[in-house]
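Numbers restart at 1 for each chain; the letters A, B, ... are given by sequence-line order, proteins then strands.
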Protein chains: 2
Amino acid sequence: MLTIKEIAEMANVSRATVSRVLNASGYVSEAARKRVLEVVEKTGYVPSQHAKSLRTKQTKVIGVILPKISTETSSRIVDGMNDVFSKQGFQILLTTTNLEPEKEIEYIRLLKSRQVDGIVLFATNINAELITEIEQLQLPFVAIGQDIPGVCSVTYEDFQSSKTMVKAIIEKGYKNIAFIGVDESDRAVGLDRKQGFLKSMEEHNLVVRKEWVKTTNFDIPSGYEAMKIIMEHSETKEIPDAVFAVTDRIAIGAMQYLKEVGYKIPDQIAVSGMGAADISQYVQPALTTIEYENQRAGKEAALLLLDQIVKNERNDKKVILGYRLIIRDSI
Amino acid sequence: MLTIKEIAEMANVSRATVSRVLNASGYVSEAARKRVLEVVEKTGYVPSQHAKSLRTKQTKVIGVILPKISTETSSRIVDGMNDVFSKQGFQILLTTTNLEPEKEIEYIRLLKSRQVDGIVLFATNINAELITEIEQLQLPFVAIGQDIPGVCSVTYEDFQSSKTMVKAIIEKGYKNIAFIGVDESDRAVGLDRKQGFLKSMEEHNLVVRKEWVKTTNFDIPSGYEAMKIIMEHSETKEIPDAVFAVTDRIAIGAMQYLKEVGYKIPDQIAVSGMGAADISQYVQPALTTIEYENQRAGKEAALLLLDQIVKNERNDKKVILGYRLIIRDSI
DNA sequence: GTCACTTATGAAATCGATTACACACTGATT
DNA sequence: AATCAGTGTGTAATCGATTTCATAAGTGAC
């Protein structure tokens with residue numbers, strides 16, 4: 001590995017001059033600059049970022065903490081962030097908690113030790129300990145997905161969008177609506193979307209049947225199972241005429257079950273999802289859903305973070321992104 | 001930011017002793033160790049990774065270069081890698097070329113300047129310049145997806161799997177098979193899969209019609225368009241009775257077009273994809289496809305890289321992953 | 001001819017860790 | 001009493017950059 005010292009010797013200048021050439025700082029004569037650049041070109045020398053960071057306290061690295069990489073939401077968000085960051089010469093250091101909440105704190109510390117210039121956390125479950133950790137972290141920080149008091153964040157209108165979707169279902173004439181959600185420890189997807197459902201039902205004076213409200217996981221098979229339980233439970237009695245699932249994948253699982261046992265969607269039972277997964281428009285019938293702009297969320301988060309970085313101060317700005325109802329054929 | 005010096009002072013020991021405690025190296029008395037750990041705990045001190053890396057030449061960071069992050073293949077691969085790396089205390093520094101080939105070289109250099117312990121490149125198009133760059137890079141390196149001479153890699157059996165798929169189509173009785181591929185500069189997906197198609201056709205003495213062979217991009221709309229061109233072109237003349245698309249998304253686009261203009265799949269025309277996208281089993285009819293183990297590819301790549309890192313030498317081991325034909329309803 | 005300013009360069013301190021080396025203190029062994 | 005191995009600790013060099021400061025030469029104004 002070449003060092004600045006060797007380059008300096010080869011170009012017959014001091015290390016300071018090499019540094020000046022490479023960083024376009026201070027005065028350097030044209031002759032010296034040329035010699036240095038030639039040597040750099042010839043040798044393919046690249047300065048050590050560590051030595052640099054040690055002095056300058058800037059790493060040009062952003063730490064990102066995700067619950068899981070291989071989900072559409074995550075990868076779209078990272079895509080959006082990366083777009084903004086890479087244009088500014090920042091790279092992303094990726095960590096994933098694989099849904100183990102303790103890891104969030106662990107990774108925040110790790111990223112701090114790596115002296116990242118800022119941290120973006122895609123939050124799912126937030127607890128008091130995590131909030132404390134974030135508060136005492138003196139580093140630019142943005143949370144995505146969950147609103148944390150006093151902390152800069154990008155969130156979606158989970159409550160409103162959910163309410164809107166349920167309203168749309170109701171206005172199509174459905175009255176007996178089942179709900180498949182996720183654990184409420186996920187405030188945004190679990191709690192807010194459920195509240196939106198309940199609120200909409202209440203506003204339309206519809207009753208919510210306990211046996212038609214299920215909590216499950218994020219994947220397609222979970223949706224399938226939850227739907228199965230609802231339908232089998234209802235067998236002798238009444239059957240819902242619509243199902244509101246809080247994610248597209250859950251909805252698709254539900255549809256899968258309904259199709260298997262022979263229901264016509266949406267004639268006998270309607271289904272709706274949320275999240276506008278790619279896949280949602282290619283299932284049969286095409287799924288009615290809500291689009292959140294994940295990529296934009298990533299971009300906004302990146303911009304908020306960069307803002308903190310250049311101003312060198314944390315803030316608690318909040319960006320709340322809109323949503324779009326996409327009516328397709330499943331309701 | 002706290003430094004080792006301050007910790008040393010607070011614990012009434014030298015910096016060396018603090019370092020010894022934290023790295024469990026050398027001799028430290030129980031009393032000193034306790035004092036140091038107490039101070040560290042109380043202050044929440046985390047050593048600077050930069051200073052550390054500067055001395056030790058180890059960063060515990062792996063550079064990863066992807067064409068694009070928000071694709072199923074990419075995110076699965078990253079997931080697999082991350083699994084292995086994070087268990088060994090390595091983090092992933094992510095960069096994406098957004099399909100601009102020059103960026104691959106740029107990022108290799110950048111990652112080198114960041115002193116990563118190794119690089120994984122998810123290769124699409126490879127050219128002579130890139131190969132030179134890789135060769136002269138004295139850093140553990142693994143390529144995924146494309147076989148590069150003399151370089152360690154994890155690849156799929158693109159030729160064989162494609163041949164197998166086409167054979168399966170033919171054995172179902174289809175004879176007039178159209179092909180939708182991608183640019184051949186992508187050796188694996190573009191060239192090898194096409195060769196597999198041609199080979200299978202040849203072995204079964206079937207003719208390949210030029211007007212039924214199209215090259216397009218990786219997304220769903222591209223598949224739609226390519227299919228449209230094939231069908232409209234064929235309007236007056238014969239129409240294919242099957243379409244072999246080199247990716248699931250292309251296949252789904254093709255299906256979408258065919259369904260729109262009223263063809264029954266697979267009765268009037270069969271469709272097959274490759275890649276076992278999540279979505280493939282939920283489209284109607286469920287898509288016949290080939291499964292490649294992307295997550296495993298990521299894991300294998302990580303293991304190959306770690307092997308080079310611990311042995312401190314590059315190698316050119318090759319891992320070739322298998323595939324699985326998944327027959328569903330579309331053929 | 002002096003002064004102020006701009007330009008050009010290098011010596012040396014610095015960032016925050018690790019680690020080789022020196023030194024001191026135990027006990028045990030000869 | 002001398003030697004030695006095993007512990008425990010601190011000093012100082014080191015990693016590879018940036019940056020402050022000192023120095024010096026050239027330029028133009030007065």
What nucleotide among dT18(C), dG16(D), dG10(D) has an atom nearest to a side-chain atom of T3(A)? dG16(D)
Below 4.0 angstrom, which residues in residues 18-34 of chain B have at least one non-hydrogen atom near DNA chain C?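 Close to the strand are S19(B), R20(B), N23(B).
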Do the charged groups of [X] and [Y] touch, with an N to O distance under 4.0 Å?
X	Y	answer
E72(B)	R76(B)	yes
K34(B)	E30(B)	no
E133(A)	R109(A)	yes

Any side-chain to backbone donor/acceptor pair from N294(B) onto I77(B)? Under 3.5 Å, distance only. no
Atom [atom1] of [X] to atom [atom2] of [N]: distance rounded to whole Å?
X	N	atom1	atom2	result
R35(B)	dG8(D)	CZ	P	13 Å
I7(B)	dT18(C)	CD1	P	12 Å
I4(A)	dT9(C)	CD1	C1'	14 Å
E6(B)	dG16(C)	CD	P	8 Å
Q58(B)	dC15(D)	CD	P	18 Å
R15(A)	dT19(D)	CZ	C1'	12 Å
N12(B)	dG8(D)	CG	C1'	15 Å
L2(B)	dC15(C)	CG	P	14 Å

Can you check whether [X] reaches [Y] side chain to side chain, under 4.5 Å on heavy atoms?
X	Y	value
L99(B)	F218(B)	no
L305(B)	F85(B)	yes
N127(A)	L130(A)	yes

Looking just at side-chain N and O atoms, do Q146(B) and N125(B) make a donor-acceptor pair shorter than 3.5 Å?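 Per modelled atom types, Q146(B) and N125(B) side chains form no pair under 3.5 Å.
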Phosphate-side-chain proximity, K57(A) and dG16(C), N/O vs OP1/OP2 below 4.0 Å: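 Yes, within the criterion.
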So, is S14(A) close to the dG10(C) phosphate, meaning a side-chain N or O under 4.0 Å from OP1 or OP2?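 Result: yes.
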Quick check on the helix from dG1(C)-dC30(D) to dT30(C)-dA1(D): what's the angle between its two end axes, five base pairs per end, to the nearest 10°?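 End axes: 60° apart.
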Counting only heavy atoms and a strict 4.0 angstrom limit, can you tell me which residues of residues 39-54 of chain B come near DNA chain D?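 Heavy-atom cutoff 4.0 Å gives L54(B).
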At what distance, to the nearest 0.5 angstrom, does CG of L121(A) lie from CG of L137(A)? 10.5 Å
Could you grab the distance from atom CG of L2(A) to atom CD1 of I7(A), nearest 0.5 Å is fine?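 Answer rounded to 0.5 Å: 5.0 Å.
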Check the surroundings of atom CD in E129(B): do more than 12 heavy atoms from other residues, nucleotides or ligands lie under 6.0 Å from it?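 Not more than 12 within 6.0 Å, no.
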